[in-house]
Amino acid sequence: MRDFSYFRASSVDEARNAVLQAGGALLAGGTTLLDLAKCGVAEPATVVDITHLSGLGEINVDASSAVIGALARMGDVADHTQIRAAFPAVAESLSLAASAQLRNMATIGGNLLQRTRCPYFRDPATFPACNKRNPGSGCPAIGGVTRNHAVLGTSDACIATYPGDLAVALVAFDAFVDLGSRKVSVDDFFLLPGDTPDRETVLGRGEMIVGIGIPASAAARNSTYLKVRDRQSYEFAAASAAVGVELEADGKTVRDIRVALGGVATKPWRARAVEQALIGKALDVETVERASGLAMEGAVSHGGNRYKIELAPRVVARAILKMAQNVGGLA
Amino acid sequence: MTIMETRKHGDASDGMIGGRQTRFEGQLKVTGAATYALEYPVEGLAHAVLVQSTIPAGQVVSIDTSKALEAPGVLLVLTPEDDLGLTTASDWHGNRPENQPYHPLPREVRFNGESIATVIAETREQAVEAAKLLDIVYAEAPSVASLDDPNAGEGKAVDMLNVAWGDAEAALAAAPVMIEAEYSTPREYHVAMEPHGLTVKWDGDQLTVWEPSQWSHGMARSYAEWFAIPYENVRLISPFIGGGFGSKGAALAYSAVAAFAARKLGRPVKLAVTRPQNFTSYGGRAATRQTIRLGATEDGVLQAIVHRGASETSTYADWPEQTGAATSILYKVENFSSQHRIVPVNTVTPGALRGPGKNPSAYGIECAMDELAWKLGMDPLDLRLKNYADRDYQSGKPWSTRRLREALMEGAEAFGWSKRSHQPRSMREGRTLIGWGIGCGTFPVIQAPSEAMIRILGNGRVEVVSGAIDMGQGTYTILAQTAADVFGVPVSQVDVKLGDSRLPGSAIAGGSMLAGSILGAVHKAATAARDELIGLALSDANSPLRDTGANTLTFGDGRISVSRGEGPSLTLPELMAALGRDELEIRRNTLPDGATAQEHHQAWTTMAKVRGPTMGDYSMHSWCAHFAEVRVDEDFGTVRVSRMVSAFDCGRLYNPRLVESQWRGGIIMGIGQALLEEGLVDQRNGRMMNSNVGDYLVPTNSDIPDIQVISVGVPDFNASALGGKGVGEVGIVGVAPAIANAVFHATGKRVRDLPITLEKLI
Ligand SMILES: Cc1cc2nc3c(=O)[nH]c(=O)nc-3n(C[C@H](O)[C@H](O)[C@H](O)COP(=O)(O)OP(=O)(O)OC[C@H]3O[C@@H](n4cnc5c(N)ncnc54)[C@H](O)[C@@H]3O)c2cc1C
């Protein structure tokens, strides 16, 4: 690893200023940053350690929302009793992510900003071209080994999957990212690759995540995160779904439904078409399966990832049916 | 030679042969006190890092090292430009081309990820950074990425592996029932917990190498030959190894480079092969494909087996992963034909990985038998029993011991096989389909000589000394048990020294041949030492046992006494004191009497004295039958193994606890092979795209169900001096087909290419 300077920030402002120096990178749990430094993708000149900042590790849940500090650990949020009660999908997305050791190290802010596992992105020595690393240089993944690449939200410039789980649950429940000076919805926070896959979020230079907020809702309270993968644990999703369902007083008709997908798209993917198709409907197997197919509108395969187009709607359907059953609303 | 039976008297202590003694070195490992090759606190270390090619084939035209050499801390950069002055070493059989120069950093690139340069610096970090500053110019040549590459072609036949008897094609044509299927397996990797690497140091022309090794003597020989120094000048130290699975039996190119750098710099050098580099610094299991045709009568009597297999090899060496190795000996069949080809592609030469040959071979034949059973409407267990091989049809020899029938019967009983419904998709819980499958496995008994030393010290401690190694399979423990057994002392009174090429010679820890071999030598040496003690005790003027009139003595419960009746009894230290000795040392080997010094050297450093399973009067093998239950999500295609019962015939078990752990380890690797493991190659440039353990998936704890293992073996004294057959390799063999067959039973879908990942089932 090459030399870099290390700076331990004692306040959020200090951290932001330090990052403004050329090449500065915040260091939280380090499980993404160090990993990328090892494979030669991240080469920060300055590492700004924010793990000692106080007040950023808190988890506060009240009747209207959950507010989680950027430095809260994945494991702590996953195990938090009130999060588990009011936002089960959020807790599950975390407990199904990575490994226990990583969850003990990694933070919520760092988690949102984890980067793609695209093996071409992660092997700069062999593949100098990569539009994410090196804008305009080309995409070696297209035409290569694409089993884990995205089928939704891709462009000619990039097909890399956003690999995280938490952000999928967050985007389903209209959560926002708190940048201190502004708040941005999680959906808007992440960008589609388009022609500029190097720009993954709206985070500006010198900006920092101080926390996230998740509005409470009946749908969030009756929610789940379903993650499908070949290995039982410690693997990124082949396809996942965060789903929450709220029924009308009749106990049948859908009042509110939230559907988001992971493991299949270039950003945490809200499937609004599925939601629209089910609002006002009663949930039976056929209706749910038909609506779930809408999740793949616009999907494009690159060969190895074709199965995701088949798989993802099934994951969505299973999660919706499970939540419908959970509130006795399965016709 | 005395054969030790499991003790019938005393406390049936775990410390005796056959006892369930826990790992002798276990505490050292769990407390971190065991020192591994890269942890030796050698003073003045320099650090070497490998630089690997990023093209699949061609020439290194030039490497501009100027920027790297200017980088902080850099001591030396080695490239194909440098003549290291090394000579090619012998192959495993001891064959050596005369005066052939050896270039461990070749100018010709033969695969993507081949080591072509090395940077040595004061710190590892400096070396890593400087390595990025090398300016490498290649002239790329056309390449073949893998077995699946359309340009790979048919490869070349390996005539040695042609096996035929009867008239297979004619019998197949005449058979009323026939199945034909093609099976394939991908590149698979060892993924030992401890990555490769070494620490190396010269003192004049004396070389010390700390390197994880499955074969301290054989690897020491390579260094001696590369550097043209006497074998005695090399000391390879490897007391603890974090797993090998076949990958740590040879000194490799990077080993030569590190040793050269240390000599050139006049400083010790440490070279750690990174996890990604481990995937291309040595070969894993070759990708294979095989076509099997089986002919049978309507009532399921096999008439013919025709097998055609192929495996990937490199462009510069031939490594056949023998897809016919198990095909020929699992069943009774009068007409048989098997051929194997190797297909050169731009890869590192593949190598031995747990159950080499037998493993992919059993995958093919055991799936094919399941397909035949289905076609015949027969229970797969019945089909196997119906075609039970009463002898080895390939060699014509009788089995030494073959309790595969017992394995099948007892395994089936424990599993509850009789409750299986024949029809696929007939067992389910909600959206989960449940299926049961069988797969048999086998691995040959391979024999080799070994040598061992026993030292009895004045304080009564017994030392067992051997250059054999323990990579977790339990050598320390079973050697201690053997000595404890012979001297009638608790294992706590025994010390075992292993893993040093300066110590007495031994067989390689590979091919499941070590335990049988080294136990024979240790037992022989210990018995000789005991006999010598008895002789002294009965004849020495100062021995209290002299005038007892006894003609032999008994060793038991920590005491030496007159066999029958009254009389004095002494502990070992008391006897040693009475005899006025501080030490008694005996060295024995299992070579034929009168073997020359050259034969000794050859025996410990090459495979020349190794004997195959049918070289004697019998055909000798370990056997197993696996029963798997899988649960398949019918929407998602995800497969989980929910239960395994496996029954083994491995002869006598020297330590059932350790053997069970070997079997379970093999089964766990087999689950990985069946469901997860696959080296993914970019077909455009032969680059391996998942060369890290985040992307090359091996099973986690939660992928592993309850595994019940059963021993049905009986001692086989043709196989080894103490009656054991191999246990390490066989466990994995047959697991993948058991799971694949269970997946068919669950889903009705036959997946014929491993691993069975979800996209193949949805
Ligand atoms: C083997 C492996 C498996 C994994 N499996 C999964 C999985 O299944 N599911 C899943 O969701 N994740 C998985 N992960 C990813 C893991 O969750 C992330 O690495 C982790 O959450 C990152 O958090 P961190 O605190 O360690 O981030 P860091 O590495 O410290 O930071 C990550 C990035 O965010 C920046 N950053 C950190 N904090 C802030 C902040 N407050 N404001 C602005 N920028 C910030 C850093 O500069 C850096 O660029 C896996 C990781 C590994 C290594």
Side-chain angles (χ1 to χ4, degrees), chain A residues 1-4 31 35 37-40 43 98-100 102 117-120 122-128 140-148 163 226-236 238-240 289 292 303-318 321-322, chain B residues 51-56 71-72 112-113 123-126 128-133 136 274-276 431 633-641 672 675-676 678 680-685 687-695 697-705 755-762:
Chain A
M1 223 175 290
R2 70 174 188 185
D3 281 347
F4 55 84
T31 63
D35 188 31
K38 280 194 209 166
C39 53
E43 297 191 323
S99 66
L102 284 161
R117 297 289 303 183
C118 171
Y120 296 92
R122 291 171 57 86
D123 187 358
T126 311
F127 300 97
I142 295 173
V145 174
T146 55
R147 181 170 196 258
N148 295 321
L226 178 57
K227 183 174 180 182
V228 174
R229 46 190 164 170
D230 282 302
R231 189 158 77 173
Q232 174 72 24
S233 87
Y234 203 9
E235 188 186 2
F236 292 92
S240 68
E289 284 180 352
S292 298
N305 57 359
R306 177 164 292 119
Y307 72 96
K308 287 181 189 267
I309 299 177
E310 200 68 38
L311 177 63
R314 300 182 187 189
V315 180
V316 169
R318 177 83 62 87
L321 292 170
K322 181 178 163 200
Chain B
V51 179
Q52 297 187 327
S53 70
T54 55
I55 62 158
N112 206 322
T123 70
R124 177 168 172 78
E125 291 73 17
Q126 288 170 331
V128 167
E129 209 40 49
K132 291 185 197 155
L133 302 175
I136 306 172
T274 65
R275 181 60 74 180
R431 309 296 294 169
D633 188 299
E634 81 173 304
D635 298 317
F636 305 156
T638 43
V639 182
R640 301 289 183 258
V641 179
L675 302 177
L676 299 167
E678 175 173 27
L680 297 169
V681 180
D682 189 310
Q683 296 300 313
R684 300 167 300 185
N685 66 355
R687 184 76 175 174
M688 185 180 172
M689 296 314 300
N690 56 342
S691 55
N692 63 77
V693 281
D695 295 321
L697 302 183
V698 296
T700 63
N701 275 334
S702 46
D703 293 285
I704 301 306
I756 307 174
T757 46
L758 56 86
E759 68 263 44
K760 296 174 186 172
L761 288 170
I762 60 171

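Quick caveat: nothing in here was measured; it's all calculated off a predicted structure. A note on names: the letters A, B, ... follow the listed sequences, proteins ahead of strands, and every chain is numbered from 1.
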Engineer: Check each atom of Asp633(B) against the heavy atoms of chain A and say whether the ones under 4.5 Å are side chain, backbone, both or neither.
Structural biologist: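 When you check distances to chain A, only side chain atoms of Asp633(B) fall under 4.5 Å.
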Engineer: Determine the option with the most heavy-atom pairs under 4.5 angstrom with chain A, choosing from Asp635(B), Asn685(B), Asn112(B).
Structural biologist: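 Among Asp635(B), Asn685(B), Asn112(B), the one with the most close pairs to chain A is Asp635(B).
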Engineer: Let me know if Asp123(A) has heavy atoms under 4.5 Å from chain B in its side chain, its backbone, both or neither.
Structural biologist: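 The side chain, not the backbone.
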Engineer: Taking Arg231(A) for the side chain and Val698(B) for the main chain, is one N or O donor matched with an acceptor at less than 3.5 Å?
Structural biologist: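 Flag set: sc Arg231(A) to bb Val698(B) pair under 3.5 Å.
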Engineer: For chain A, which candidate among Arg431(B), Lys760(B), Arg640(B) shows the most heavy-atom pairs at distances under 4.5 Å?
Structural biologist: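 When all of Arg431(B), Lys760(B), Arg640(B) are compared, Arg640(B) has the most.
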Engineer: Is it the backbone or the side chain of Arg306(A) that comes under 4.5 Å from a heavy atom of chain B, or both, or neither?
Structural biologist: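 Interface part for Arg306(A): neither.
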Engineer: To the nearest 0.5 angstrom, please state how far the CE atom of Met689(B) sits from the OG1 atom of Thr146(A).
Structural biologist: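 Taking CE in Met689(B) and OG1 in Thr146(A), the distance rounds to 11.0 Å.
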Engineer: Closest heavy-atom contact between Glu634(B) and Arg314(A)?
Structural biologist: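 Heavy atoms of Glu634(B) and Arg314(A) come nearest at O-NH1, 4.1 Å.
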Engineer: Determine the option with the most heavy-atom pairs under 4.5 angstrom with chain A, choosing from Thr757(B), Thr638(B), Leu680(B), Ile756(B).
Structural biologist: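 Among Thr757(B), Thr638(B), Leu680(B), Ile756(B), the one with the most close pairs to chain A is Thr757(B).
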Engineer: Kindly write out the residues that satisfy salt bridge (charged side-chain N to carboxylate O under 4.0 Å, His left out) with Asp703(B), not counting sequence neighbours, or none if the list is empty.
Structural biologist: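 Listed in chain order: nothing, the list is empty.
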Engineer: Charged N to carboxylate O below 4.0 Å: is that the case for Arg147(A) and Glu678(B)?
Structural biologist: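 Looking at Glu678(B) together with Arg147(A), the answer is no, because their closest N to O distance does not fall below 4.0 Å.
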Engineer: Based on non-hydrogen pairs under 4.5 Å, which of Gly694(B), Pro72(B), Ser702(B), Pro755(B) is most in contact with chain A?
Structural biologist: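 The option with the most such pairs is Ser702(B).
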Engineer: Let me know if Tyr120(A) has heavy atoms under 4.5 Å from chain B in its side chain, its backbone, both or neither.
Structural biologist: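 It is both, since atoms from each part get that close.
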Engineer: Quick one: pull up CG in Asp682(B) and OG1 in Thr126(A) and give me the separation to the nearest 0.5 Å.
Structural biologist: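 Between Asp682(B) CG and Thr126(A) OG1, I get 10.0 Å after rounding to 0.5 Å.
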Engineer: A side-chain contact here means heavy atoms from C-beta on lying under 4.5 Å apart; do Lys132(B) and Glu43(A) qualify?
Structural biologist: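 A side-chain contact under 4.5 Å exists here.
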Engineer: If you count heavy-atom pairs under 4.5 Å between each of Lys308(A), Glu310(A), Arg229(A), Arg318(A) and chain B, which one has the most?
Structural biologist: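 Ranked by contacts with chain B, first place is Arg318(A).
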Engineer: Between Ile762(B) and chain A, which part of the residue has a heavy atom less than 4.5 Å away: side chain, backbone, both or neither?
Structural biologist: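 Both parts, heavy atoms under 4.5 Å.
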Engineer: Side chain, backbone, both or neither: which part of Glu289(A) has an atom under 4.5 Å from a heavy atom of chain B?
Structural biologist: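 For Glu289(A), neither part sits under 4.5 Å from chain B.
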Engineer: State which residues pass side-chain contact (heavy atoms from CB on, under 4.5 Å) with Ala238(A); sequence neighbours excluded, sorted by chain then number.
Structural biologist: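 With neighbours one apart ignored, the set is Tyr307(A), Leu311(A), Leu758(B).
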Engineer: If every non-hydrogen atom of Ser233(A) is compared with every non-hydrogen atom of Thr700(B), which pair is closest and at what distance?
Structural biologist: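 Scanning both residues completely, I find the closest heavy atoms to be OG-OG1, 3.5 Å.
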Engineer: In Å, rounded to the nearest 0.5 Å, how long is the span from CD of Gln232(A) to CG of Asn701(B)?
Structural biologist: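 If we round to the nearest 0.5 Å, Gln232(A):CD and Asn701(B):CG are 11.5 Å apart.
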Engineer: For the interface with chain B, which of Ala317(A), Gly40(A), Gly143(A) has the highest count of heavy-atom pairs at distances below 4.5 Å?
Structural biologist: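 Of the candidates given, the most pairs with chain B belong to Gly143(A).
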